[in-house]
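Working notes, beginning with the structure itself.
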Amino acid sequence: MTGPERVLGIGGYFLRARDPEALTVWYRDLLGIEDDAHGLWHQEAGPTVFAAFDPDTDYFGSPQQQTMLNFRVRDLDAMLEQLRERGADVATETQDMEGVGRFGWVTDPEGNRVELWQPA
């Protein structure tokens with residue numbers, strides 16, 4: 001006997017954009033998301049965090065932002081420096097969470113704050 005059906009993982013992340021083509025190029029060129037003509041991106045296996053936040057959190061940046069995308073990275077410092085060199089809006093602060101890893105943030109051209117995570 002098997003248990004109830006459950007989700008297997010995140011199948012996609014969709015966001016509205018004033019200029020979808022330019023935003024797609026930004027994510028590809030600055031963050032290295034290599035997707036195909038259908039938007040399929042084969043990412044490396046690893047942990048994914050699913051967490052709900054209080055409605056008045058400032059963690060996402062703008063109060064209008066309802067969700068925040070988090071990408072795993074191998075070397076947070078190198079990624080943040082690379083983004084700065086390309087002119088991206090990178091937060092000056094980083095955060096260390098013992099046993100979890102290090103975090104940094106970049107805001108995409110549409111104003112969405114994106115979290116970058118170097119797992120412990």
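This chain uses plain numbering: 1 for the first residue, then up along the sequence.
- Side chain of Asp58 to backbone of Gly61: no donor-acceptor contact under 3.5 angstrom is found.
- We find the CD-CZ distance between Gln118 and Arg102 to be 5.5 Å, quoted to the nearest 0.5 Å.
- Side-chain contact between Arg86 and Glu81 is absent, with no heavy atoms from C-beta onward closer than 4.5 Å.
- At a threshold of 4.5 Å between non-hydrogen side-chain atoms, the residues Arg72 and Pro47 count as touching.
- Atom CD of Glu21 is surrounded by 12 or fewer heavy atoms from other residues, nucleotides or ligands within 6.0 Å.
- Under the 4.5 Å side-chain contact rule for hydrophobic residues, Phe60 and Ile10 do not share a cluster.
- Side-chain atoms of Phe103 and Asp96, non-hydrogen and from C-beta on, never get closer than 4.5 Å to each other.
- The CD atom of Gln64 sits 11.5 Å away from the CG atom of Asn112 when rounded to the nearest 0.5 Å.
- A search for side chain to side chain contact (heavy atoms under 4.5 Å, CB included) contacts involving Ala78 returns Asp75, not counting sequence neighbours.
- A salt bridge links Glu110 with Arg18: at least one charged nitrogen is closer than 4.0 Å to a carboxylate oxygen.
- Ion pairing between a basic and an acidic side chain is recognised when a charged N comes within 4.0 Å of a carboxylate O; Arg113 and Asp108 show no such pairing.
- The nearest pair of heavy atoms linking Trp117 to Pro119 is O-CD, 3.2 Å.
- Thr57 places no side-chain N or O within donor-acceptor distance of the main-chain N or O of Phe53, the cut-off being under 3.5 Å.
- For the pair Asp36 (side chain) and Gly39 (backbone), a donor-acceptor distance under 3.5 Å is present.
- Taking the six-membered ring for Trp and thresholds of 30 and 60 degrees, Trp105 and Tyr59 have ring planes more than 60 degrees apart, a perpendicular arrangement.
- Hydrophobic cluster of Leu23: the remaining members, joined at side-chain heavy-atom separations below 4.5 Å, are Tyr13, Leu15, Trp26, Tyr27, Leu30, Leu31, Ile33, Trp41, Leu69, Phe71, Val73, Leu76, Met79, Leu80, Leu83, Val90, Val106, Val114, Leu116, listed by chain and number.
- The CD atom of Glu5 sits 7.0 Å away from the OG1 atom of Thr2 when rounded to the nearest 0.5 Å.
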